Amino acid sequence: MRKGLSIGTALACTALAGLLWSSGCNHQARQPAPDYTGKTQEASAGTDSSHGGKDYVISGRGYVQKGTKTDDGRTETKSADAGLIKMPGAERGLRGFRKAGELLVEAPDGACQAALSGSGSLDVLVPKEFITQVLEISVLEYPDSRILLQQGSIKVTLKKGSREMRCGLGRQILKCGPFSDEESLYLPLQAICDGFGYKTRMAAGDWRICLEDALPYKSRKLPKTYDYRKTGRSTKVRDQGSYGTCWSFASLTALETALRPKNPVEFSADHMSLHNSFSLEQREGGEYTMSMAYLLAWQGPVLEVQDPYGDGISPDGLEPAVHVQEIRILPSRDYESIKNAVFFYGGVQSSLYTSITGSDSHSANYNEETSSYCYQGDQVPNHDVVIVGWDDEYPRENFQTKPEGDGAFLCVSSWGEAFGDKGHFYVSYYDSNIGGNSLAYTGIEPADNYDKLYQSDLCGWVGQVGYGSESAFGANVYEAEEEEFLKAAGFYATGQGTFYEISVVHHASGEESLGSRRTVASGVARYSGFYTVPLEKPERLQPGERFALVLELRTPGAVHPIAVEYQADDATSAADVADGESYISLDGTKWEPMEERYQCNLCLKGYTDRAAEEKGTAGAQ
């Protein structure tokens, strides 16, 4: 493990990972730096949409705001990065419904704009984001227009174009059915109330509906067992063969499950392992930060049919099928967070130590009769898998060596269907490594979400820099290629509870101009990971204009809060640390050039749309 690199006298740069070469599938494991706490942002559930040509969409950047109740009963927000969940069609209404945006539905943990038809308080549509993020009800859309809602053991089935609701063996006709447009899915509040035990109360003299728990004694926890194969979220189980590509298969399998069941696609592990910015061959292995860098740089993913695995050919010039905008790094061995991510988003990428290298190999830690695995020891992980379910009561007797208690995660590997139960197997909760490193792909958007990506960190989060303090500032200067609008910024939160503030500088002229910045977004990232944050208003950029994105981070307990790219080892030896213009500062007043003085790039991206395509109002310059 690479402990750290001291640069200069004031600035320290800590490597996120060193190289640990292991047996098995040649998985290259990178261990977190000492101040790495691991996690991602709270505000984000998904929006799926296959309308208007935008086929594969799960937006982790919803407008949900969780919080606590104040004395007057209203919701007090916990962070500044989002408001209430907004109806995208607020300015036009929804097919005869009362104009969206005039009605507010409020629960103890958040609120949303809604649409109302008639005078009954249950004749209301609420956006999917409110149901998933605030009420914590899973919503799955199917290609045949079915919609499955689940909370705990309760399942409710709806269908687009129908007012029928099914719950268990019961059938009910609702006052209104689900509605979808190009931007989101809206579900009847009546289905939520009748199906999951809520009641409504209209606030006097106010277009506000208060949603209350009609069954306070009822558990709304996750189910004790969950198997994504039973909900149509399973993907094709593939075989990595003799290559060290488990990391790419695991990343893309997790990504595919996040899009299912609505959009059953298959992505190319060949392209991810061959067309990234790292200096490793397929047989040399890899790890999750490589997957993150490849996806967040929009180098992929591409479809499997465009670049089939194992044929020795990987064509240039392929375009990504989707854009990944948010990846959460879940807390180490936080099983509740892992289960939540599987339930609400899709498979969670994690890692094991194993001597198994394929379907025809064996291990003393693997029970072939029950397809169950448990390793308890000090070896570091050397193989990536995807967690796709769990069973809290899975018998410990099923394991080759009995662990301390019952319970296991359902996992899928990349050893083909001949391994385990058609590629699936159970890993004990007491395994030494499962859940230690865990990634959830929580922000997947269509490939036309933005026109351009400005970046200088193709290898992504390689290390961290800072001044021995929880706080630091970083800035990247870019030059606009044409008239366009700056719409969002993307950055890494290197620890839990990271406060961020994003500012913009127009007509930037080096470090002297960074003091004239204007704040355009702020908030708190609950977990570490990568986040794309929309600006409060688009910022108009002129052709050839130099503009700066400025990032202030405050990460509790950290001494190196800023993520950077630099040449840390053989894998990152090709990182170009002279392709950008980055600055770092302790207090935002005195700045140092990062490339020139410390040979590293700041991980801070900018997203723009061409001015001709922008329909919104430009922000001030």
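FYI, side chains are in, hydrogens and waters are out, and symmetry mates aren't considered; it's all heavy atoms of this structure. Please read these numbers as outputs of a predicted model, since none were measured by experiment.
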| Can you check salt bridge (charged side-chain N to carboxylate O under 4.0 Å, His left out) on K236 and E304, steps first, answer last? | CA-CA 11 Å; K236 178 182 177 181; E304 172 70 11; over 6 Å; no
Check whether [X] reaches the backbone of [Y] with its side chain - one donor and one acceptor, N or O, closer than 3.5 Å.
| X | Y | answer |
| --- | --- | --- |
| T235 | T257 | no |
| E470 | G557 | yes |
| Q376 | Y430 | yes |

So do L135 and F196 actually touch side chain to side chain, heavy atoms under 4.5 Å?
-> no
Do Y288 and S251 come close enough that some side-chain heavy atom pair is under 4.5 Å?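 With C-beta onward as the side chain, the pair stays apart.
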| side chain to side chain donor-acceptor pair (under 3.5 Å) between S314 and H275, worked out | CA-CA 8 Å; S314 186; H275 275 82; 2.9 Å; yes
* Shortest non-hydrogen contact between S414 and Q240, atoms and distance ->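 Minimum heavy-atom contact is OG-OE1, 2.6 Å.
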Pair F249 and Y309, ring centroids less than 6.0 Å apart: yes
Ring centre gap for Y373 and F409 strictly below 6.0 Å: no
- Determine the interplanar angle of the F419 and W415 rings, folded into 0 to 90°, and report it as parallel if under 30°, tilted if 30 to 60°, perpendicular if over 60°.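 Rings of F419 and W415: perpendicular, as their planes differ by over 60°.
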**Item:** N-O pairing of K221 and D392 below 4.0 Å
**Value:**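 No.
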*Steps toward side chain to side chain donor-acceptor pair (under 3.5 Å) verdict (S428, D431)*: CA-CA 5 Å; S428 171; D431 181 272; over 6 Å; no
Note to self: Run the side chain to side chain donor-acceptor pair (under 3.5 Å) test on S277 and Q299 for me, step by step, so that the C-alpha distance in whole Å, both residues' side-chain angles and the decisive distance to 0.1 Å come before the verdict.
What the structure shows: CA-CA 9 Å; S277 297; Q299 293 173 328; 2.8 Å; yes
- [ ] Supply the atom-to-atom distance E266 CD to S268 OG, rounded to the nearest 0.5 angstrom.
- [x]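 It comes to 9.0 Å.
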Assess whether side chain to side chain donor-acceptor pair (under 3.5 Å) is satisfied between Q133 and D109, documenting all intermediate values. CA-CA 9 Å; Q133 297 175 51; D109 289 330; over 6 Å; no
